[in-house]
Amino acid sequence: MPDAQPHLYLVDGSSYIFRAYHRLPPLTNRHGMNTGAVYGYTAMLWKLAESLSKADGPTHMAVILDKGSSSFRNEMYDQYKAHRPPAPEDLVPQLPLIRVATRAFSIPCIEEAGLEADDIIACYTGAARAAGWKVTIVSSDKDLMQLIEDDGSVDMLDTMNDRRIDRGYVVEKFGVPPQQLGDVLALMGDSVDNVPGVPGIGPKTASQLIQEHGSLEAVLAAAEGIKKPKLRQNLIEHADNARLSRELVRLVCEMTLPEPLEALELKNIPEAPLREFLEEQGWKSLLNRMVGQGSRPSGGERPAATAPRVAGPGEPETISVDRAAYLTITDAATLGEWLAEAATQGVIAIDLQGDGGHGLAEGLAGVSLALAPGKAAYVPLGHGATDLLSEGPTQLGLAEGLRLLRPCLEDDSVLKIGHNVKDQLKLLADHGIVVAPVEDVMLASFALDGGRFGHGLDELVKKHFEHECLALKAVCGTGQKAIRFGDAPLGPATEYAAENADMVWRLWQRLQHRLAAEHATRVYRLVDLPLVPVVGQMERDGVKVDRSYLAELSGTFAAETASLEERIFAAAGGPFTIGSPQQLGQVLFDRLGLKGGRKGKSGNYSTDQAELERLEADGVEVARLVLDWRLLTKLKQTYTDALQAQIDPKSGRVHTRYALAAAQTGRLSSTDPNLQNIPIRTELGAKIRNAFIAEEGFSLLSADYGQIELRLAAHIADVPQLKEAFARGDDIHTITAQELFGDAGKDSRGKAKTINFAILYGISSWGLAGRLGIPTEDAKAMIDRYFERFPGIKNYISTTLEAVRESGYSETLFGRKTHFPNIKSSIQSLRQGAERAAINAPIQGTSADIIKRAMVKMPAALAAAGLERTRMLLQVHDELVFEVPHGDEERAAAVIRDVMATAAEPVVALDVPLSVEVGWGENWGVAH
DNA sequence: GCATATGCCTA
DNA sequence: GTAGGCATATGCT
């Protein structure tokens with residue numbers, strides 16, 4: 001009997017076409033008309049028809065469309081769908097074609113005036129279910145999810161993402177079963193359909209409230225007793241809107257079926273009309289698939305263009321973790337046994353626990369080891385007493401522990417696996433131990449899965465093993481009451497630390513094979529891994545900062561800020577918090593009555609730089625004062641004050657920390673403090689660079705690549721004019737201006753410079769127009785002209801995007817992959833953002849690879865030149881900063897320039913030269 | 001104490 | 001339009 005059960009597929013044609021339009025690349029037919037959305041729609045119908053013979057395939061099918069634009073919901077609420085933007089220009093002519101395409105398949109097409117497709121679908125679903133049929137709604141519309149039945153008799157199919165939507169999916173996404181979904185949707189509202197909902201309530205809160213109270217009416221009834229004041233108030237004030245919204249999202253069935261269920265049977269599809277339609281559209285690939293396949297698409301044959309298998313992180317692996325089985329090692333004999341086993345098998349996973357201090361002052365609380373999955377131990381070395389009365393726990397002690405560990409750590413026949421090895425090398429280097437050889441699962445993950453997810457240990461464990469590591473706060477607590485790891489009891493400390501080593505071991509087992517298989521070894525072995533000790537040493541060295549000079553600057557800034565404050569309050573008619581954009585907006589636009597304030601997401605006026613500069617141009621003095629105030633407080637708070645606080649008391653220097661696996665493109669990032677965003681553009685800000693000084697008897701030397709990203713763009717996109725200009729040493733923006741405008745006046749050169757940068761960032765006519773302050777059409781014309789003069793650029797953009805859509809990732813010249821999960825998103829903004837990032841990543845990423853290679857080569861090159869006392873201190877993306885003994889500057893400059901200029905070799909041969917500008921002096925300001 | 005919004009510094 | 005980090009204010013846990 002189940003085999004004979006009819007299965008009705010209801011295709012939500014209207015919503016499909018909109019999604020297809022935003023998702024699919026433009027496609028034109030032989031009349032020059034854009035038909036991408038219709039093509040997508042046709043291909044989807046084809047696929048559905050193909051599945052006729054399959055187990056869960058359709059026996060009956062209908063396409064449901066919206067007719068007209070007004071429904072009973074508009075009578076209920078005149079704002080319904082009022083703010084929906086008109087359909088895009090090149091989509092409108094495609095809409096009638098949907099009916100033509102549907103007819104070509106000889107599939108019934110149902111539409112009724114005054115009814116939305118959703119309601120018709122609800123109607124047919126109800127009728128089919130009453131007849132004992134199964135129903136599948138082909139759509140991903142959340143409103144329709146209300147129709148899904150727990151017993152599986154009604155489900156949905158999202159053909160864009162090729163997944164079934166059932167009760168489980170709804171519960172996962174909205175926290176409630178389909179029956180309660182309408183209540184959740186009513187609370188959250190829908191900005192696209194202009195369903196009001198309740199302000200301040202989004203999907204999370206809506207779901208939580210319905211889960212808690214059971215229904216919308218129950219929530220409204222309980223509103224008075226809700227704790228959060230804002231939420232309570234909104235629920236009470238907007239209860240009517242909530243009830244209205246409930247009716248708007250309710251799917252109703254008040255019609256007789258225009259076609260009886262039986263008329264929807266999916267029979268053989270007559271060949272002639274379909275062939276005629278495909279020929280008319282010129283869709284050869286679909287036509288070819290008809291040949292030799294009888295009269296309709298069927299048989300479940302795969303489409304001709306099958307996407308290649310994309311390697312990926314793979315399915316998560318299920319593991320069982322028994323934290324109680326981890327060992328606490330407190331005696332030399334047991335530790336000796338573990339280390340002997342490590343020596344025998346030649347590999348061990350290691351994790352270090354700091355004692356909770358930071359910077360150079362951080363001590364070592366203990367070491368955890370793993371020798372096999374689940375076989376892990378913690379060796380406490382510096383744990384203190386948990387209360388004042390007792391002594392510390394029994395443990396080996398730091399000196400004894402390190403004495404025992406050292407041979408293993410330094411044994412070049414024992415591989416040490418870690419996660420974020422740089423921080424561990426630094427800790428051990430403080431004790432004179434140089435660890436080698438090492439592997440780093442964080443960097444392996446970065447090379448394999450960059451752009452897919454973060455590379456922290458906890459996150460990797462969750463992704464690969466669906467396991468939650470014991471949280472550090474479960475051991476040490478949080479906030480004020482947090483204790484240092486070195487003060488934690490050994491039980492929890494062992495569970496936490498040993499689990500980390502265990503997970504490092506398991507991750508390496510899982511990731512190591514992928515490195516070669518997915519061609520990630522070059523980036524991992526030649527760039528990121530060898531960089532670890534180099535960056536570790538830079539962090540340990542730190543950079544000297546002139547505290548008294550910074551204090552002096554702070555004082556000056558403070559005084560000027562105070563005087564500005566007075567003048568601002570006088571002009572504003574009273575004191576307020578200048579640093580609060582909310583209050584500033586109220587003062588400017590409400591109290592002072594200035595016009596024009598644009599409001600942002602939370603309903604506050606925008607008061608950003610652009611807005612204030614607009615006011616300033618209108619002669620509003622407060623605007624100028626606030627801009628000055630912002631500059632000064634920014635400099636003081638973020639730089640002069642913060643920098644003084646970051647000076648390490650032991651070394652008298654500032655030790656930034658570089659993150660090796662944070663930036664999607666492969667760049668480093670700098671924190672605590674960030675030394676990659678020290679001011680330089682404004683005269684006042686640039687003074688801060690003078691605070692970075694050299695040690696007595698040394699100079700600070702800065703070496704930076706000139707226009708490296710444009711050079712790489714010229715190479716990668718293969719633009720002869722630009723490559724030749726770089727080879728000659730010409731001014732690149734002048735050359736561009738000549739090409740584009742035929743002249744190179746100041747104005748033209750400026751525009752050319754802007755376009756050159758826009759190219760690197762993934763150009764859009766809208767964005768360029770904003771930058772240059774010109775109409776979008778003019779910007780579009782400039783871009784077209786650019787593409788015409790430099791066809792390589794246009795070709796680079798299209799081939800890069802095609803490749804990313806195909807494979808899911810982009811690649812640098814060194815083979816570094818960056819994944820773009822959103823490149824096929826149905827959400828336009830996400831997709832376009834991914835496209836811009838994908839255009840930029842190979843260029844920015846190659847630049848990052850090159851300077852990393854220079855850093856890796858630098859210590860040996862300096863040593864070979866007898867410049868052992870020259871130290872590399874900072875990296876700022878295209879710049880390296882060194883401390884050089886007086887008298888060695890010229891020689892160091894020559895070595896550094898050479899290493900940087902040839903850093904890509906021999907891995908990559910560039911056909912543009914890399915220029916390196918070098919300067920030195922008593923501080924960073926004069927060196928740069 | 002934590003998360004979000006806004007704003008601003010760098011390459 | 002790319003890639004980052006971090007400050008304050010604000011509202012809530």
Side-chain angles (χ1 to χ4, degrees), chain A residues 200 202 204-205 227-231 451 473 477-482 576-585 600-612 626-627 630-631 633-639 641-643 646 656-659 662-682 684-686 688-689 704-705 707-709 713 754-772 779 783 797 810 818 829 832-845 847-848 851 874-879 928:
Chain A
K204 295 273 183 257
T205 313
K227 290 242 177 64
K228 301 181 191 171
K230 204 88 179 183
L231 182 57
K473 25 178 206 196
T478 174
Q480 295 283 339
K481 291 167 293 182
F576 64 100
T577 309
I578 305 171
S580 160
Q582 195 179 43
Q583 291 187 34
L584 177 63
K601 171 168 186 170
S602 60
N604 291 324
Y605 296 104
S606 169
T607 66
D608 64 11
Q609 207 165 42
E611 194 67 25
L612 293 182
V626 171
L627 283 170
R630 283 208 180 138
L631 176 67
T633 50
K634 171 86 180 174
L635 293 176
K636 179 171 185 293
Q637 284 159 176
T638 310
Y639 300 106
D641 289 353
L643 226 36
Q646 289 280 358
T656 185
R657 297 154 42 91
Y658 290 101
Q664 311 271 306
T665 53
R667 276 188 175 180
L668 304 186
S669 76
S670 156
T671 59
D672 308 305
N674 180 357
L675 294 188
Q676 291 179 324
N677 71 344
I678 301 301
I680 191 165
R681 287 178 189 177
T682 65
L684 209 52
I688 293 173
R689 293 217 163 197
D704 68 283
Y705 285 112
Q707 293 172 328
I708 186 170
E709 293 197 356
T754 303
I755 302 187
N756 275 332
F757 279 103
I759 294 292
L760 300 179
Y761 296 153
I763 199 160
S764 79
S765 48
W766 187 86
L768 184 63
R771 248 312 153 102
L772 289 174
I783 294 169
I797 292 173
S810 69
T818 302
S829 59
Q832 290 178 339
E835 287 172 354
R836 290 192 297 270
I839 291 165
N840 176 253
I843 298 166
Q844 187 184 119
S847 167
I851 195 164
L874 303 176
Q875 190 250 43
V876 193
H877 307 310
D878 65 359
E879 175 186 11
H928 187 84

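The sequence lines fix the lettering, A, B, ..., with proteins before strands; numbering per chain opens at 1. Quick caveat: nothing in here was measured; it's all calculated off a predicted structure.
The interatomic distance linking A/Leu643 (CG) with C/dC6 (P) rounds to 12 Å, in whole Å.
Looking at every heavy atom in both residues, A/Leu768 comes nearest to A/Ala758 through CD1-CB, 4.1 Å. Taking each heavy atom of A/Thr656 and A/Pro673 in turn, the nearest pair found is OG1-O, 2.7 Å. When every heavy atom of A/Gln875 is checked against every heavy atom of A/Tyr658, the shortest pair comes out as N-OH, 3.0 Å. Minimum interatomic distance between A/Ala713 and A/Ile843 (heavy atoms only, all atoms of both residues): CB-CD1, 4.0 Å. What you find for A/His877 and A/Leu668 is that their closest heavy atoms are CE1-O, 3.5 Å.
Looking only at side-chain heavy atoms (C-beta outward), A/Val626 and A/Leu584 come within less than 4.5 Å of each other.
At a threshold of 4.0 angstrom between heavy atoms, the contacts of A/Ile680 are confined to the sugar-phosphate backbone, with no base atom among them. Residue A/Ser847 is out of contact with every strand shown, counting any heavy-atom pair closer than 4.0 Å. At the heavy-atom level, A/Thr633 lies nowhere under 4.0 Å from the strands shown. Residue contacts for A/Gln582: at a heavy-atom cut-off of 4.0 Å it reaches the sugar-phosphate backbone alone, with no base atom in range. Across all strands shown, A/Ile839 has no heavy atoms under 4.0 Å from either base or sugar-phosphate atoms. When heavy atoms are screened at a 4.0 angstrom cut-off, A/Glu879 is found touching no nucleic acid atom at all. A/Asp672 comes within 4.0 angstrom of sugar-phosphate atoms only, judged by non-hydrogen atoms across all strands, and of no base.
Defined by atom type and a distance below 3.5 Å, a donor-acceptor pair is present between the side-chain atoms of A/Gln844 and A/Thr665. Neither side chain, A/Ser669 nor A/Arg657, offers a donor N or O lying under 3.5 Å from an acceptor on the other.
Chain A approaches DNA chain B within less than 4.0 angstrom (heavy atoms of the protein), and the contacting nucleotides run 5' to 3' from B/dG1 to B/dA11.
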Show the distances under 3.5 angstrom between N or O atoms of the protein and N or O atoms of nucleotides 1-4 of chain C.
from	atom 1	to	atom 2	distance (Å)
C/dG1	O3'	A/Arg836	NE	3.0
C/dT2	OP1	A/Arg836	NE	3.2
C/dT2	OP1	A/Arg836	NH2	3.4
C/dT2	O2	A/Gln844	NE2	3.3
C/dA3	O4'	A/Gln844	OE1	3.2
C/dA3	O4'	A/Gln844	NE2	3.0
C/dG4	OP1	A/Gln664	N	2.7

Q: Begin with the C-alpha distance, continue with both residues' side-chain angles, and end with the deciding distance and a verdict on side chain to side chain contact (heavy atoms under 4.5 Å, CB included) for A/Phe576 and A/Ile578.
A: CA-CA 6 Å; A/Phe576 64 100; A/Ile578 305 171; 4.1 Å; yes

